[in-house]
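Here the structure comes first, spelled out in C-alpha cells, and everything after it is commentary.
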There are 2 protein chains.
Amino acid sequence: MSIRLVRKLSQFTPLSNGDAQALNRLSEARLRLYQPRDTIMHEGEPPKVINLYLDGWAYRHKDLANGKRQITSIFVPGDLCDVNVFVLDRMDHSVSALTSVAVAEISRSAFEQLISEHPRIAQALWWETLVTAAIQREWTTNLGQRDAAERISHLFCELFVRLQSVGLTSGNSCPLPLSQAEIGETTGLTIVSVNRVLQDFRRTKLIALKRKTLTILDFEALKQRAMFNPNYLHLGRTDHAFSTEGEESTGLPSQDEETDD
Amino acid sequence: MSIRLVRKLSQFTPLSNGDAQALNRLSEARLRLYQPRDTIMHEGEPPKVINLYLDGWAYRHKDLANGKRQITSIFVPGDLCDVNVFVLDRMDHSVSALTSVAVAEISRSAFEQLISEHPRIAQALWWETLVTAAIQREWTTNLGQRDAAERISHLFCELFVRLQSVGLTSGNSCPLPLSQAEIGETTGLTIVSVNRVLQDFRRTKLIALKRKTLTILDFEALKQRAMFNPNYLHLGRTDHAFSTEGEESTGLPSQDEETDD
DNA sequence: CGTCCCCTTGAATGAAGTCAATACGCGTGG
DNA sequence: CCACGCGTATTGACTTCATTCAAGGGGACG
C-alpha cells in the first residue's frame, strides 16, 4: 500500500528493510479517504494527527478576509507533507483534496517512536521538508517576478518534472487535475487571464491541455518561456544528507530521474 | 556573544545550561563579518559550512535570467537560517548582507555532534525551520493575492512583530534597513510603485519612515490594510514541540510577546 | 564641490482585472 | 433519447493598477 511512500523516501536516503517495514506498519494504521473539495486540515485548528499522504493530489491554501485565496502548495502523489505539524500549535493554513486522496493518520506518539527508532526516516523527512521549502521559495519568485505566461509555464514545468520523478508521466503527458480557476489561485491570476494564456499556449503549439491531461509539445520552449531551472527541486541524486553507516538496503530500485538539463 | 542565539532558541523549547554552553562554544568557533551588499552564500555552490547568524540583517534572493531578482526571505537579528543546508547538495538561492552581519561558521561535523548530543537544540531548530516555512507561505500569499499597498503594509506588520519578539523595537518604531528598491524586490513591485505607496502611507499618517527607521503611527489601521494575522509567526507560546523531560533551565528570561491580537 | 546613490514626481503605456454574455461538457432525470 | 442544470471554459469590451520612461532633487561622502 505505501510502496510509494517507501519509494519516495528512499530517493533521499537509503532505507533499510526495517525502515521500510516500519513505514508499512504505520501506514496501515488508520486509513482515511477524502473526496475532491474535501478539506483535510483546517486553518486555525490544532493538528490532531499526522497525515501521511499515500495517494492523490491535494493542496495547501490560505483564505483571506476579502474572499480571495491563494494556493500555496500542490501535493502530487508521493509527497508526504505535514509530518512535523505537531511542532506548531495551530494550523496556519488549510489543506484540501484536489482528487480523491488516501491518507494514513498517524498518532503523534507513533510518529515520535518511528523517528527515534529509525533515524534514516527522520533524515529523509528532513530532506522532504527542505525540498518543500525550496519549492516555496521558487513560488515566491514566480509570483513576484514573472508575468502571467511565465508563471503558468513555470508551474507546468515544475509539476511535470515532479510527476516525472515519481513515474507518473507517460511520454510528454501527465495528469493535471486543476481547473483554470485553481491554476489562477496558484499563480495569482484571474480565471480570464489564465484562460487567455492557455489559449495562447495552444495556438503556439507549446502545450495541449484537455480532460485534465497536460501534454507538453515543446518542453524546451516552455522551459525557456518560464525561465525554468529545476535545480531547486534537488532531484537527480540519491545520496545527500548526513553521514550514513552501511546497513542492508530495501532492495527498491532507486528512481531514475532524467530531469536535469 | 551568542546570547541572542541562545535566547532565540529558548523561545521555542527550554534549553539546559549544557545546551546553552554548547551553543556558546560553537559560535565562538569561527566568526566572520560581512558588510552590506556582501554575498554570504552563492546560488549554485555547494555549501561548505553552516552559518549561524549572530547579528545583523540579511536576505535570501533568487536572480533570474532576465536580470530581475526576488528577495525571498529577510533575516532579522536573532534568526538562524540555513542550519540544515547540508542536506541539499547545492544552494538554490543566494544570501546577502543588508547591514553588517556577524556569522559563526560551524563545520558540518561540529554541527552534527551538537545536534546529536543536544536533542533540544535539534528540536528548536526544527521549530525555527517550520516557522520559516510558514513565513514563506505567507509571502506567497502576499505576492499572489494582495495589491501594492497591502503587500507593503503586510511586510511592515510582519517585520515589526518579528523584531518585537526579539526586543528590537522601541515603542512603535523599529529599524528598517531596506531601500525602496529592496522593498520592491521583496514585494514584487517597482521602485516607483513602492515610492507612491509610501508617500500615500505618510500622507494618511499610517507610518513614518525616515533614516532607516520605521514608525508605525496606526498599527490597527496598518494591520487592517494588510489583512495581517500574525498566527503564521507562531509566537506567543514557549512550550510547543515534542515531549521534553525536565532539566535545569538556562535562567534566561522567557521573551514576553505581546503580539497576538 | 562634485559624484553617487537613493528618493520623488509626472505623463504615457501596458498587462491584467472586471464585467458580462455565451458556449461547452457531462451527469441526471423525465 | 432528449431536456435541463450546473460547473467550467471562452471571448469581447472596458477599466484600472502598476510599470515604464524620463526628469529632477536631496543627502552623504570624499
Side-chain angles (χ1 to χ4, degrees), chain A residues 35-38 64 66-71 96-100 142-155 175-204 207-214 225-226, chain B residues 35-38 64 66-71 96-100 142-155 175-204 207-214 225-226:
Chain A
Q35 293 309 305
R37 287 157 198 276
D38 285 355
L64 272 67
N66 62 2
K68 298 187 179 186
R69 67 176 203 163
Q70 175 69 34
I71 293 178
S96 298
L98 210 45
T99 66
S100 61
N142 204 31
L143 290 169
Q145 301 300 329
R146 285 187 257 252
D147 68 21
E150 289 163 351
R151 286 185 212 174
I152 292 175
S153 46
H154 192 279
L155 176 66
L176 189 81
L178 293 164
S179 68
Q180 294 186 0
E182 287 154 345
I183 293 173
E185 289 171 332
T186 305
T187 53
L189 301 166
T190 57
I191 297 189
V192 176
S193 294
V194 171
N195 185 274
R196 286 181 177 136
V197 169
L198 292 182
Q199 294 306 327
D200 179 60
F201 283 1
R202 287 193 259 244
R203 249 194 313 277
T204 56
I207 65 160
L209 176 54
K210 201 169 46 172
R211 314 185 88 271
K212 307 291 177 210
T213 298
L214 170 69
R225 190 71 183 271
Chain B
Q35 293 309 305
R37 287 159 197 276
D38 285 355
L64 272 66
N66 62 1
K68 297 186 181 187
R69 66 175 202 162
Q70 175 70 33
I71 293 178
S96 298
L98 209 46
T99 65
S100 61
N142 204 31
L143 289 168
Q145 301 301 329
R146 285 188 257 252
D147 68 21
E150 290 164 350
R151 286 185 212 175
I152 292 175
S153 46
H154 192 279
L155 176 66
L176 189 82
L178 292 163
S179 70
Q180 294 187 2
E182 287 155 346
I183 293 174
E185 287 171 334
T186 95
T187 53
L189 300 165
T190 58
I191 296 189
V192 176
S193 295
V194 170
N195 185 275
R196 284 179 179 141
V197 169
L198 291 182
Q199 294 306 328
D200 178 60
F201 283 2
R202 287 193 259 244
R203 249 193 314 276
T204 57
I207 64 159
L209 177 53
K210 202 168 46 170
R211 315 184 88 269
K212 307 292 179 208
T213 298
L214 170 68
R225 190 71 183 270

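Lettering of chains follows the sequences in order, A, B, ..., and the numbering in each one begins at 1.
Scored by the side chain to side chain contact (heavy atoms under 4.5 Å, CB included) test, A/A148 finds A/L189, A/V197 as partners (sequence neighbours excluded). Scanning for side chain to side chain donor-acceptor pair (under 3.5 Å) contacts around A/S193 gives A/T190, with sequence neighbours left out. Taking the side chain to side chain contact (heavy atoms under 4.5 Å, CB included) definition, one finds that B/K212 meets it with B/S179, sequence neighbours left out. Applying the side chain to side chain contact (heavy atoms under 4.5 Å, CB included) test to A/R225 and every residue at least two apart in sequence or in another chain returns A/A149, A/S153, A/D200, A/F201, A/L206. A/E150 meets the side chain to side chain donor-acceptor pair (under 3.5 Å) test with no other residue; sequence neighbours excluded. Here A/R151 pairs with nothing under the side chain to side chain donor-acceptor pair (under 3.5 Å) rule; sequence neighbours left out. Applying the side chain to side chain contact (heavy atoms under 4.5 Å, CB included) rule to B/E185 yields the partners B/R69, B/I71, B/E182; only residues at least two apart in sequence or on another chain are considered.
Counting to the nearest Å, the P atom of C/dC7 and the CG atom of B/L209 are 8 Å from each other. Protein atom CG of A/N195 is 14 Å distant from nucleotide atom P of C/dA16, rounded to whole Å. The nearest whole Å value for the distance from the CZ atom in B/R196 to the P atom in C/dG10 is 8 Å. Straight-line distance from the CD1 atom of A/I152 to the C1' atom of C/dA15: 13 Å, rounded to whole Å. One interatomic measurement links the two molecules: NZ of A/K68 to P of C/dG17, which rounds to 9 Å at whole-angstrom precision.
For the segment residues 178-187 of chain B, no residue has any heavy atom less than 4.0 angstrom from an atom of DNA chain D.
On the nucleic acid side, DNA chain D contacts chain B at distances under 4.0 Å to non-hydrogen atoms, with the end points of that region at D/dA18 to D/dA28.
As judged by a 4.0 angstrom heavy-atom cut-off over every strand, A/L189 is placed among residues touching the sugar-phosphate backbone only. Residue contacts for B/R151: at a heavy-atom cut-off of 4.0 Å it reaches no nucleic acid atom on any strand shown.
Two end axes, each from the C1' atoms of five base pairs, can be drawn for the helix from C/dC1-D/dG30 to C/dG30-D/dC1; they diverge by 30°, to 10 degrees.
Using a 4.5 Å heavy-atom threshold, the side chains of A/R202 and A/Q199 count as touching. At least one side-chain heavy atom of A/L198 sits less than 4.5 Å from a side-chain heavy atom of A/I207.
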Evaluation steps, side-chain contact (heavy atoms from CB on, under 4.5 Å), between B/R146 and A/L64:
CA-CA 9 Å; B/R146 285 188 257 252; A/L64 272 67; 3.7 Å; yes
Please write out the pairs of protein N or O atoms and N or O atoms of nucleotides 20-26 of chain C separated by less than 3.5 Å, giving the distance to one decimal.
| residue | atom | partner | partner atom | Å |
| --- | --- | --- | --- | --- |
| C/dC26 | OP1 | A/R211 | NH2 | 3.4 |

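For the atom pair CG (A/L98) and CG (A/D38), the distance works out to 12.0 Å, reported to the nearest 0.5 Å.
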